[in-house]
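No experiment lies behind these values; they were computed from the predicted model shown. In the text below, chain A, chain B and the rest are named by the order of the sequence lines, each starting its count at 1.
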Amino acid sequence: MSAVPSVAPDAISQLSAQELRRSVWRRWGLRSTVVIGWVVFVGVWYLFSSFLGQALLPPLHTVVNRAWELITEGGFGSNLISSVTRLVGGFLLALVAGTGVGLLIAYNDWWRNLLQGPLQLIISLPTISLAVMTLILFGISPLGPVLMTMLVAIPYITMNVAQGITGVDRKLIVMSEAFGRTRRQIVKDILVPSSILSTLGGARLAFAVAWRMELLAEVFASSQGIGFQIRRSFESYDTQAMLAWTVLFVAVMLLFENFVLRRIDRWAGRWRMQDWGANP
Amino acid sequence: MATVLIDNLTKIFPPTATHPSQVQALGGVNISVTGNVLVAILGPSGSGKTTLLNIVAGVEEPTSGTVRAVQDSVPAQISYVFQEPRLLPWRTVVDNMLYVQDRKSDRSRREAEFYLSMVGLSEVGDLYPSQLSAGMQQRVGIARAFLVNPDVLLMDEPFSHLDALTGRSLREYVQRIWLQTRKTALLVTHDVNEAVELADRIVLLRPGGVIYDDIPVDLPRPRFPDNPAVRDVQADVLRRFDSMGAAVQFGGARR
């Protein structure tokens, strides 16, 4: 029988204190890298600004000041509402249509074969071509950006819905059937929750693509919205305003992504985080 | 009183990419189970045990033959304990149990908690399955099966995925609950000890899904593996099981 080495309680507490210190340092080290990333970004901006000149790339603080002016007196609110309304409209249409097409693809191989090609085609289409087509097909109207936003978002939602449903654990369906659950219950309690995370993942991806498309469509085919303001600033050689509009829109989208979409995602997948539990 | 009548049941699986020739899982099985008895279907891998249970549960169609599960001339309420727990990972333990119930009320919640306490899990109702060990999850599966107050209980190797100690303690739980509820039950297993410990009757199934023997187990309950009488019957069943192996060997397996 091997002897168990004895360790003095003091040594253990010293070890724990060391471990704790190390873990705190590690955590702060990781957090500081985020700050370092931003500092590097700002530094590079100023560096390029000094090389290129203020007219081509204004210093960051002037862009921020201009952005603040746009918020307080430059009609940022009305333009944002205009852009976001179209974006949300297109995105919701894509969510409905994409889910429907995704269900068809998951339903059988016939639908999969029929729809996979066109979806791949849409994913590969250059967004600039779509933006120009928006102008040709719909002229300057709110409808064009909405439909184009929907079009580019659909494949991402479709693919993820289909993947989520085909990935459902068949054994759970057999269990449900053995306990006499109805088809409706199986859809509501097995298929939907099984595929919801994949669908939300697709929705986040689609949203990221959609707002870029929306902005581009506005640049070409709109008389209001942030995309239109960017074009106007470009036409009047006002780089500062162009960057300020861009920064503001990106900031709003990032806030939405982080504080709304990611939270919904976390809420829907809360059961996945509960794996620290009992194991008697 | 519940009755399960299995009449000349045959199941042949058509050829697939992995099995180029058709496979006979069941070859004319006749079993009649009446009353509050627990019948074990004992057989080696490939003897069609799970297929038989799936057909009784109505989740698989037979090639020919019939299955009738009735309680006082009406279709019996069937419940199933699977090899793995098959819990919905996004639902808490209690919600998993309530999923298989038609009515969802405070009373059914209390019943769910009661059956959880029967398997020694009174404190885990609000946890998610991923927070439980494999043995605890299987106990939830057993509690869920009893919650629906079934007329017929089907159990498909419910202890086979667990380590020996957990499996043994779970057998005790099942025996205890079964003694209290006395449901008509079919237990599929390849473990002779398990069959003798739990069953009133053991049907030996050989590969190809053909009944080889039907052995009554007339032992007092509760039964424990260390009991000499239990060990004697286990030895007897094991002898028959081995002779079936020889018969299979000499007669030629069908698959």
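- The environment of Arg182(B) atom CZ is dense: over 12 non-hydrogen atoms of other residues, nucleotides or ligands sit within 6.0 angstrom.
- Listed by chain and number, the residues in a side-chain hydrogen bond (donor to acceptor under 3.5 Å, both in side chains) with Gln120(A) amount to none (sequence neighbours excluded).
- Taking CG of Leu88(B) as the reference point, atom CE of Met175(A) lies at 4.5 Å (rounded to 0.5 Å).
- Residue Glu257(A) qualifies as enclosed at atom CD: its count of foreign heavy atoms under 6.0 Å is above 12.
- Separation of atoms OH (Tyr128(B)) and CZ (Arg270(A)) is listed at 4.5 Å; rounding is to 0.5 Å.
- Residues of residues 155-174 of chain A that come within less than 4.5 angstrom of chain B, heavy atom to heavy atom, are Lys171(A), Leu172(A), Val174(A) in numerical order.
- Contact of Phe82(B) with chain A is made through the side chain alone, with heavy-atom distances under 4.5 Å.
- Around CG of Asp106(B), the count of heavy atoms belonging to other residues, nucleotides or ligands within 6.0 Å does not exceed 12.
- With a 4.5 angstrom heavy-atom cutoff, Leu87(B) touches chain A only via backbone atoms.
- Of residues 190-217 of chain A, those residues lying under 4.5 Å from chain B by any heavy-atom pair are Ile190(A), Pro193(A), Ser194(A).
- With respect to chain A, the highest number of heavy-atom pairs below 4.5 Å among Arg86(B), Glu84(B), Gln101(B) belongs to Arg86(B).
- With a threshold of 4.5 angstrom between heavy atoms, Glu60(B) does not approach chain A through any atom at all.
- From Arg144(B), atom CZ reaches atom CZ of Phe179(A) across 5.0 Å, with rounding to the nearest 0.5 Å.
- For Asp163(B), there are no salt bridge (Lys or Arg N to Asp or Glu O under 4.0 Å) partners, not counting sequence neighbours.
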